[in-house]
Amino acid sequence: MPLQLMIDVKPWHLDPPLTLHTGEAELKQHGNGEADAEEESNEQEVIVIQDTGFTVKIQAPGTEPFDLQVSPQEMVQEIHQVLMDREDTCHRTCFSLQLDGNVLDNFAELKSIEGLQEGSLLKVVEEPYTVREARIHVRHIRDLLKSLDPSDAYNGVDCNSLSFLSIFTDGDLGDSGKRKKKGNDLEQIDCTPPEHILPGSKERPLVPLQPQNKDWKPMQCLKVLTMSGWNPPPGNRKMHGDLMYLYIVTVEERHVSVTASTRGFYLNQSTTYSFNPKPANPSFLSHSLVELLSQISPAFKKNFTALQKKRVQRHPFERIATPFQVYSWTAPQVDHAMDCVRAEDAYTSRLGYEEHIPGQTRDWNEELQTTRELPRKNLPERLLRERAIFKVHSDFAAAATRGAMAVIDGNVMAINPGEETRMQMFIWNNIFFSLGFDVRDHYRELGGDAAAHAAPTNDLNGVRAYGAVDVEGLYTLGTVVVDYRGYRVTAQSIIPGILEREQEQSVIYGSIDFGKTVVSHSKYLELLEKTSRPLKVQRHNVLNEKNETVELCSSVECKGIIGNDGRHYILDLLRTFPPDLNFLPVDGEELPPESQRQGFPRQHRHRLACLRQELIEAFVEHRYLLFMKMAALQLMQQKANKDSNKTETPAITATSETSTESTGKELEESIPGLAQAKELAETLVAEDGSDPKSREVVLNACKAVGSISNTSFDIRFNPDIFSPGVRFPDNSVDEVQKQKQLLKDAAAFLVSCQIPSLIKDCLDHSALPMDGATLTEALHQRGINVRYLGTILEFVEKTPAKAQLEHIYRIGVSELITRCAKHIFKTYLQGVELSALSAAVSHFLNCFLSSFPDAVAHLPPDELVSRRKSRKRRNRVPGGGDNTAWASLTPSELWKNIASEAQSYYHYNIQCESVDQVVEKYSFQKTTLLREISIKTGIQILIKEYNFDSRHKPAFTEEDILNIFPVVKHVNPKASDAFHFFQSGQAKVQQGFLKEGCELINEALNLFNNVYGAMHVEICACLRLLARLNYIMGDHPEALSNQQKAALMSERVLGIEHPNTIQEYMHLALYCFANGQLSTALKLLYRARYLMLLVCGEDHPEMALLDSNIGLVLHGVMEYDLSLRFLENALNINTKYHGPRSLKVALSHHLVARVYESKAEFRSALQHEKEGYTIYKNQMGEAHEKTKESSDYLKYLTQQAVALQRTMNEIYKNGSNASIMPLKFTAPSMASVLEQLNIINGIIFIPLSQKDLENLKAEVHRRQQLQELGKSEEPTEESQLQLEDKIPID
């Protein structure tokens, strides 16, 4: 796909405000119109996503006609967008496109326009303005003026976010044609990294996190552009066509007043104090404001042109909006400039006063539900539907976030203003907001406020789960949970008609009082039945208040309401998944021994702790394997017993998890023919059970694993077991007992299987968390809740290989401490009034991180409070209370609270009374702690060097706290078809079919772009894998282009120092090196190392890989001493984390030896190579090629050493007239360095003949069959290409 060919020619599409069709246009811009329609996965209907494109000519006033590539599906609107972004037409917004004098309809698809074909000429015709068009024009001009200004990214608005990649790559990488190849001029490269990046440096400066971008030095085009005080025009001027007035100050200090009229913009004669709307002389009437300003201000003309040139040169990914807002936890001091549009936004269309402007508010519920109802029979329909769902979701998340902040900042009127503040509810912009407090003792039985705080996230997980099952006819509410300034706000879309009636009347399914009264409804049962299997929810009976049996297919709290729109809604999904018994002590119930040994059940803050969906899936999967083994075992026994029919089948009804597990394992070892028996078992399960013998086998196996059916494997959970208010009918006692056992087994499975498997994955480095967020993700992928963090840490402490888990332990403890601090910070902030917010936050950070022992809060000097004013109205903040209580917090008190929180919430013991003790004991870095707490709580701090360790003054002042952002949780709608393509592409690659895999992944990329637009985490993973495949298949420039996109996108959607971004930088450096861009490769690696030091410090297994990369590149540019520093550090880290006998360590020794050889220090080289040789010999045996290679290298080194010695002796003997043999000092060839780089980065090229390929495929196929039989319990070695990129699954 010629993706990068067209990047420079045509600018990118920015998000068109009015249509859903964003993705296509963006992609189409890059000549992607002709999607690879030939190749489609066999599992999909063959369709053409985008018909082949064609070219039209466009003629705009005052410019040469130019060609534009378009595709038949897109709308006329999208050509408008392209023109508003092009350098030469960007200043036009109010125009129509005409074909042969006929105006094209903006919302028509191109294919529906008569006479439009290859080569048609479209004319751009200026149209008269309306007030709306004039506003759009002014806003667009303001956006063009601000296009290089990063302040929106720092302020976290309009889905802007930071990216620094271009600083390290000097612009675009793909166009090495533009600059001369620097690769061969080694002299030019300055390789010395800054001091703080070198191995062993203890400094962790913050300022380099955001390097200075020279493009951001603003080129000033205007001093002021703002609405004039004379707006709106009086009646008689309206009748002259005046739409509005602007006030402008040019760079040359010329003050002018401009009229926007229907015909365009012109200067009028008004001044600040006198209104004279008559045109000035000359009036410079122009259709575009840019044309007008270019005539009256030479500086504007010059700078605006330069600015637009720069704007279109930036990589499109630096400019496109992200789907969800990303916030930066650091920012420089940004000057606050006058900005008419921002000021106007704040007071009209967006916030401040409720949105009562007709046509401005969106009916969110209607939009969210209508998109769900779109047809989905074939691929194009599904793409359209998923794109619409995704677009509405991201808009809704943005609106809900804005509303939640407005609610907490006190800018929204409550719908029940008479009640106390924490009980208030709000409606803004058709979204319903409620606070996370226990209102009216609703959760009294379940843990009060703690339960009210946990319920929204549980509910959100439920919404996510039901949304993913996507049953037609069953609707959930749009839900977003926002944590802001210590408050948790739930934002939900509103069911039509629910506000007019009492809840009692509207709930026709479920219970509004946790099960005292329960109702059911046949239509709901029918709809929920469809979700029962995928969500593993068991249909069950409960008793209502009249002791009648009521049938449910969800938890009792799940309420069904039919809206006025006739749709069936379900809400309150907080118990979609079954309870976690490890954190729910129940009288008279014993947990299995595995749980008890770990000290469970433990008391938790609330009784809403439930298991994660991932755990349920893993547990059922595990039980299924068990089921197969049991059936197989009995079949084999039947076979064996055919001759002596007296023996009965063994009664395998294991109660506890371990016994079944161990029997499973022993069986496997003791019986050779188990694999065949498993096949038998599978066929037998597939049969209809006509043969009584096989029926009995299945029955026994079902009983043993707790299946709810007796004829097939089917495990489901009853979510109401152990819910306090729920009663079950007498006839289901056995079933309830079975369900209780199942829940206990699941809780035990988490402790006895999932946590050990997490630790095992960390030990063999298949899980490599770098910071709190990636650790949490690793837990969640295995279905472990974060409340188990203490248990995990204890497990690590007891592991014999504790030293190899030191990084996990450190990240875990730091996560635990910052989470405890976050809990405390939440309640701390609730008592702070807005005017003291920055003082309070800086005081808290001082207590948390500063070594200054008596941090004293700066109470803000009441700059503005007159003493006489009555203080009565001061308490209108939700929560109220004493507004200066926060100032009395001391460091020692905070750390005491953190320790007791760790004990009570995580059941983990931290014996530390101050930050310095913690840092000492766990070897933390304060910058890392600062980053973790800031990200978790939404704090944004000034980027500068903080002196945490001063004992004389606190580290932070209130001027250092720049902002506090919301932390937002929402549903991420998925692109299902794209995801299937991606997975089948990955599978093909794993099987060694690179080309087919590559095509599938390209197709996936196309579909992802179709659904998500251009920016998304999953597109990032897709591009990374594509780049890796390009690289393996030898297409280095394409690899570079794709990886550059992946790195840019990762910065934009995950954050500039997210662990994934660090990985992307490393991959990009490798491809740069392969492309001969050595200095860029080094810069990228240094950047990655700096970020990694900041995020997790030097002591981390991934650092060894990074340092090996840096060392190799430095070796390549003959910086031997520097290279050794990095390679020896890598050797130490590898030895620590992989054990001294690991092959990684052998490789490290070899790399070090090569550098010593280049320095002609043969003794050291020999010493290291011998170490490596010994490891190879012990691990792989004498005959292995690695061992042979190493031994040959040793011989070569010995010869060199001997030759050198001879020469030296010769010199000593004969002095200066000695005849010296010229010695071969080898500077490494780039090819040999690249070869080593590929090896350490896990990229293996296999030069294979056709025959080898056939054998390899056969071998892979054989392995797969084995694995499907479940014979290979131990995972086989990773297949040759370790493509470690899995898309994160929610």
Side-chain angles (χ1 to χ4, degrees), residues 16-18 60-62 77 80-81 83-84 89-97 103 106 124-146 221-222 224-250 254-297 300 304 338-350 353 355-360:
L18 296 168
Q77 162 90 12
H80 274 250
Q81 287 296 328
L83 295 178
M84 284 164 64
T89 54
C90 64
H91 56 282
R92 302 182 182 286
T93 59
C94 184
F95 57 86
S96 60
L97 290 167
V103 176
N106 249 348
V124 174
V125 180
E126 298 176 341
E127 293 290 337
Y129 283 97
T130 59
V131 174
R132 178 170 179 275
E133 285 292 348
R135 278 175 187 266
I136 287 175
H137 185 75
V138 173
R139 153 163 294 197
H140 179 65
I141 300 304
R142 169 263 196 177
D143 287 345
L144 291 177
L145 292 175
K146 279 190 65 170
C221 298
L222 285 177
V224 177
L225 161 61
T226 174
M227 297 292 166
S228 156
W230 298 117
N231 284 318
N236 68 327
R237 288 309 305 171
K238 250 193 187 143
M239 297 163 80
H240 282 85
D242 291 9
L243 302 172
M244 63 182 184
Y245 304 119
L246 304 172
Y247 172 66
I248 294 175
V249 181
T250 67
R254 181 173 173 192
H255 295 239
V256 291
S257 190
V258 174
T259 301
S261 76
T262 50
R263 298 182 318 163
F265 295 82
Y266 62 82
L267 300 188
N268 62 37
Q269 299 180 28
S270 299
T271 64
T272 322
Y273 302 112
S274 71
F275 179 58
N276 181 354
K278 297 254 185 311
N281 187 12
S283 71
F284 297 112
L285 171 66
S286 317
H287 192 260
S288 145
L289 192 52
V290 172
E291 292 167 354
L292 170 76
L293 292 168
S294 299
Q295 294 177 67
I296 64 171
S297 163
F300 177 87
F304 186 78
M338 199 183 275
D339 181 339
C340 62
V341 178
R342 185 188 57 218
E344 189 198 13
D345 274 353
Y347 290 115
T348 51
S349 60
R350 307 274 280 274
Y353 307 115
E355 302 201 7
H356 283 317
I357 308 161
Q360 281 271 342

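Computed from a predicted structure; not experimentally measured.
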Asker: Taking all non-hydrogen atoms of both residues, which atom of Val290 and which atom of Phe300 are closest, and how far apart?
Answerer: O-CE2, 3.7 Å
Asker: So, do Ser294 and Phe304 sit near enough that their side-chain heavy atoms are less than 4.5 Å apart?
Answerer: no
Asker: Pick one: which of Asn276, Thr271, Asn268 meets side-chain hydrogen bond (donor to acceptor under 3.5 Å, both in side chains) with Ser257?
Answerer: Asn268
Asker: Less than 4.5 Å apart, any side-chain heavy atom of Thr130 and any of Leu243?
Answerer: no
Asker: Grab the two heavy atoms, one from Lys238 and one from Pro233, that are nearest each other, plus how far apart they are.
Answerer: CG-O, 4.3 Å
Asker: Evaluate the side-chain proximity of Leu267 to Val258: yes if any heavy-atom separation is below 4.5 Å, no if none is.
Answerer: yes
Asker: If you look at every heavy atom in Pro277 and Ser270, which pair is closest and at what distance?
Answerer: N-OG, 4.0 Å
Asker: Please collect all salt bridge (charged side-chain N to carboxylate O under 4.0 Å, His left out) contacts where either partner lies in residues 284-295, sequence neighbours excluded, each pair once.
Answerer: Arg92-Glu291
Asker: Could you check whether any side-chain heavy atom of Thr89 comes within less than 4.5 Å of a side-chain heavy atom of Val124, counting everything from C-beta outward?
Answerer: no
Asker: In this structure, is the centre-to-centre distance between the rings of Trp230 and Tyr245 below 6.0 Å?
Answerer: no
Asker: Would you say that Leu293 contacts Phe265 through its side chain, given a criterion of any heavy-atom pair below 4.5 Å between the two side chains?
Answerer: no
Asker: Taking the side chain as every heavy atom from C-beta outward, state whether Pro61 and Phe95 have any pair of such atoms under 4.5 Å apart.
Answerer: no
Asker: Quick check: does any side chain N or O of Ser286 sit under 3.5 Å from a backbone N or O of Leu289, one acting as donor and the other as acceptor?
Answerer: no
Asker: So, Thr259 and Asp242: side-chain donor and acceptor under 3.5 Å apart, yes or no?
Answerer: no
Asker: When rounded to the nearest 0.5 angstrom, what is the spacing between CG in Leu225 and CD1 in Ile141?
Answerer: 9.0 Å
Asker: Keeping the roles fixed (side chain from Gln269, backbone from Pro279), state whether a donor-acceptor pair exists under 3.5 Å.
Answerer: yes
Asker: Does some side-chain heavy atom of Val249 sit less than 4.5 Å from a side-chain heavy atom of Thr226?
Answerer: no
Asker: Please report the shortest heavy-atom distance between Cys94 and His287, naming the atom on each side.
Answerer: O-CE1, 3.1 Å
Asker: How long is the gap from NE2 on His140 to CD on Glu133, to the nearest 0.5 Å?
Answerer: 11.5 Å
Asker: Mind checking whether Val138 and Met244 have side chains closer than 4.5 Å, heavy atoms only?
Answerer: yes
Asker: Can you name the nearest heavy-atom pair linking Ser288 to Tyr129, along with the distance?
Answerer: CA-OH, 4.3 Å
